[in-house]
S.K.: 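Following this message is one structure expressed as structure tokens.
For ligands, and for the atoms within them, numbers begin at 1 and follow the listed sequence.
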Amino acid sequence: MAKHSDTYVCQSCGAVYGKWAGRCEACGEWNTIELEASEAGPPGSLSGGTKSKANKLDFTTLSGSTKEAPRLLTGNNEFDRACGGGLVPGSAILIGGEPGVGKSTLLLQIASGLSKGGASVAYISGEEAPAQIRLRAKRLGVEQSPVHLASATSLRDILATLKAEKPDAVIIDSIQTLWSDALPAAPGTVTQVRACAQELVRFAKSSGCILILVGHVTKDGQIAGPRVVEHMVDAVMYFESEQGRDFRILRAVKNRFGAAHEIGVFEMAGDGLREVANPSELFLTGGDAAVSGAAVFAGIEGTRPVLVEIQALVSPSSLASPRRAVVGWDGARLSMLLAVLDARAGLDFGRNDVFLNVAGGLRIAEPAADLAAAAALCSSLFDSPLPRDRVVFGEVALSGAVRPVNQTEARLKEAKKLGFSGALAPAGAQSGTIKVAEAETLADLVRWARNP
Ligand code: TYD
Ligand code: MG
């Protein structure tokens with residue numbers, strides 16, 4: 001019989017149950033639910049905290065003055081931007097990514113940058129021996145940086161060291177390798193990862209040390225084990241790459257100290273990750289000959305405008321239910337767009353296979369991409385190339401109306417900067433930067449695509 005206090009936790013997603021089950025209702029995984037030992041004691045006991053009596057809280061006001069510690073710059077502009085303009089002392093950041101994407105490489109470069117700026121940085125690896133890290137440092141050309149390097153997995157040892165050394169920043173590579181001897185669970189389990197992350201975050205908050213945690217990502221894109229760690233930290237970033245490509249995108253999905261969806265773009269080279277200062281150049285395919293089915297979308301990633309080519313291919317299908325495939329965009333959004341084009345503009349895609357691709361491997365989440373995707377689809381359907389010197393953006397409503405989107409000015413400015421001479425945009429987007437053709441409804445878009 002299970003005791004009342006026992007809880008069962010899914011080791012894959014962290015869902016909590018009162019009794020054991022073979023399959024987790026929350027994430028659908030089999031055999032992942034395990035008994036979580038209740039003898040761990042209250043939080044704080046893992047690092048030897050003592051029982052303390054309750055203290056009365058001192059309430060304060062919103063208007064009180066707080067002296068704001070300056071952000072620490074790593075000297076890597078793409079990384080600093082993705083963090084919201086440098087690292088905030090006392091903050092905790094989780095960086096997730098698939099094995100081999102370059103997390104350790106990036107963080108070693110960041111550690112080197114911080115230490116060169118005069119900060120004391122500890123790099124603690126639970127996965128590699130110092131010799132291996134030294135080899136990588138040599139390859140990156142950062143072996144002279146005064147980074148404090150250690151290889152360890154015991155939370156107790158790590159915390160004791162950090163409390164004694166008091167570094168300005170600590171990098172833990174990775175959180176899944178840490179374990180606390182106060183818990184019976186194996187390293188890498190939800191229980192261990194959650195407890196270790198909690199203790200480290202507590203240390204960061206109380207000491208003002210910047211904490212950067214590396215987390216592995218499972219095949220379905222979640223940070224392995226505990227989603228709970230995402231709630232504990234101040235910022236969650238994903239380091240992503242497209243199969244077979246050299247560039248990497250660091251994307252902030254949560255940031256208490258900056259804009260979410262901010263991106264930093266890097267290129268993996270023989271000597272480490274290089275910053276890509278102008279990502280639009282990466283996502284525009286160039287090529288002088290105009291082909292049908294390509295439209296340039298003027299997008300915003302975080303606070304930064306990024307131009308990217310959207311490609312569509314519409315071709316007669318031999319299948320009873322034609323194929324729909326999307327790379328870099330939302331499949332449901334494509335279905336919706338096709339339905340609206342059918343219902344409001346009378347375009348029939350029903351007997352065609354439809355493929356949509358965002359060039360360069362970028363993933364777009366903005367509704368503002370609707371109009372550009374629709375333009376690419378129309379262009380392919382009519383087999384009529386769109387002018388290569390125009391950008392397109394706007395949100396498409398179910399009614400077929402084209403809605404205005406945010407940051408119009410920034411989108412147009414970026415287009416002008418990159419040599420575009422015109423735009424198709426929602427009504428009211430006139431700004432004087434470049435020539436704007438206005439689209440109020442999908443009918444305007446169809447007319448433009450037929451006769452641009
Ligand atoms: P790594 O940082 O070890 O990845 P992670 O920590 O996310 O698992 O990077 C591993 C890959 O990066 C590896 O396939 C080799 C490649 N790489 C380069 O192309 N250039 C370099 O300078 C370095 C250090 C790695
Ligand atoms: Mg690594």
S.K.: Indicate yes or no: does an N/O atom of Gly270 lie under 3.5 Å from an N/O atom of ligand 1?
M.R.: yes
S.K.: Side chain to side chain contact (heavy atoms under 4.5 Å, CB included) with Tyr123: which of Ile171, Ile110, Leu114?
M.R.: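 Among the candidates, only Ile171 passes.
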S.K.: For Asp173 and Ser125, test the side chains for any donor-to-acceptor distance below 3.5 angstrom and give the result as yes or no.
M.R.: no
S.K.: What is the distance from atom CE of Met232 to atom CG of Leu211, rounded to the nearest 0.5 Å?
M.R.: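 Rounded to the nearest 0.5 Å, the CE-CG separation comes out at 11.5 Å.
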S.K.: Name the closest protein heavy atom to atom 4 (O) of ligand 1, giving the residue it belongs to and the distance to 0.1 Å.
M.R.: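 For atom 4 (O) of ligand 1, the nearest protein heavy atom is Gly102 N, 3.2 Å.
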S.K.: I'd like to know if atom 15 (C) of ligand 1 has any protein heavy atom within a distance of less than 4.0 Å.
M.R.: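 No; the ligand atom in question lacks any protein heavy-atom contact below 4.0 Å.
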S.K.: Does any non-hydrogen side-chain atom of Ser180 lie less than 4.5 Å from one of Glu199?
M.R.: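 A side-chain contact is absent here, since even the closest heavy-atom pair is not under 4.5 Å.
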S.K.: Do any N or O atoms from the side chain of Arg324 and from the backbone of Gly331 form a donor-acceptor pair under 3.5 angstrom?
M.R.: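 Not at all, since once roles are kept as given, no pair shorter than 3.5 Å links the two residues.
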S.K.: Counting each atom of ligand 1 from 1 as listed, which ones have a heavy atom of Leu140 under 4.0 Å away?
M.R.: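 Per the distance check, 22 (O), 24 (C).
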S.K.: With no hydrogens and no angle check, do the side chains of Ser292 and Asp383 hold a donor and an acceptor under 3.5 Å apart?
M.R.: yes
S.K.: With atom 8 (O) of ligand 1 as the reference point, say which of Gly100, Gly96, Ser104 has the nearest heavy atom.
M.R.: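 The nearest heavy atom belongs to Gly100.
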S.K.: With a cut-off of 2.8 Å, does Ser174 put an N/O/S atom close enough to the Mg ion (ligand 2)?
M.R.: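 No - counting backbone and side chain alike, Ser174 has no N, O or S atom under 2.8 Å.
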S.K.: Identify the protein heavy atom lying closest to atom 22 (O) of ligand 1, giving its residue, its atom name and the separation to 0.1 Å.
M.R.: Gly272 N, 2.7 Å
S.K.: Pro99 heavy atoms, cut-off 4.0 Å: which ligand 1 atoms fall inside?
M.R.: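 Within the 4.0 Å cut-off of Pro99, ligand 1 contributes 8 (O).
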S.K.: What protein heavy atom is closest to atom 20 (N) of ligand 1, reported as residue, atom name and distance in Å?
M.R.: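 Here the closest protein heavy atom is Ala269 O, 2.7 Å.
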S.K.: Distance to 0.1 Å, residue and atom name: give those for the protein heavy atom nearest to atom 2 (O) of ligand 1.
M.R.: Thr105 OG1, 2.5 Å
S.K.: For atom 12 (O) of ligand 1, what's the nearest protein heavy-atom neighbour? Residue, atom name and distance, please.
M.R.: Met268 CE, 3.2 Å
S.K.: What I'd like to find out is whether the side chain of Trp329 reaches to under 4.5 Å of the side chain of Asp370, using heavy atoms alone.
M.R.: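 Counting from C-beta outward, Trp329 and Asp370 do come under 4.5 Å.
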S.K.: Is atom 24 (C) of ligand 1 close to the protein, meaning a heavy atom under 4.0 Å from it?
M.R.: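 Given the 4.0 Å cut-off, atom 24 (C) of ligand 1 counts as touching protein heavy atoms.
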S.K.: For the backbone of Val314 and the side chain of Ser380, can you confirm whether one donor and one acceptor N or O come within less than 3.5 Å of each other?
M.R.: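 Answer holds: yes.
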S.K.: Within the 4.0 Å heavy-atom shell around Asp271, which atoms of ligand 1 are there?
M.R.: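 That gives atoms 22 (O) of ligand 1.
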S.K.: For Glu98, counting its heavy atoms only, list the atoms of ligand 1 lying under 4.0 Å from any of them.
M.R.: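 In order of number, 7 (O).
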S.K.: Can a salt bridge be assigned to the pair Arg388 and Glu309 using a cut-off of 4.0 Å between side-chain N and carboxylate O?
M.R.: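 Salt bridge between Arg388 and Glu309, a charged N being under 4.0 Å from a carboxylate O: yes.
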S.K.: Report yes if Arg136 has an N/O atom closer than 3.5 Å to an N/O atom of ligand 1; otherwise report no.
M.R.: yes
S.K.: Name the one of Ile93, Leu200, Ile95, Val193 that satisfies side chain to side chain contact (heavy atoms under 4.5 Å, CB included) with Leu213?
M.R.: Leu200
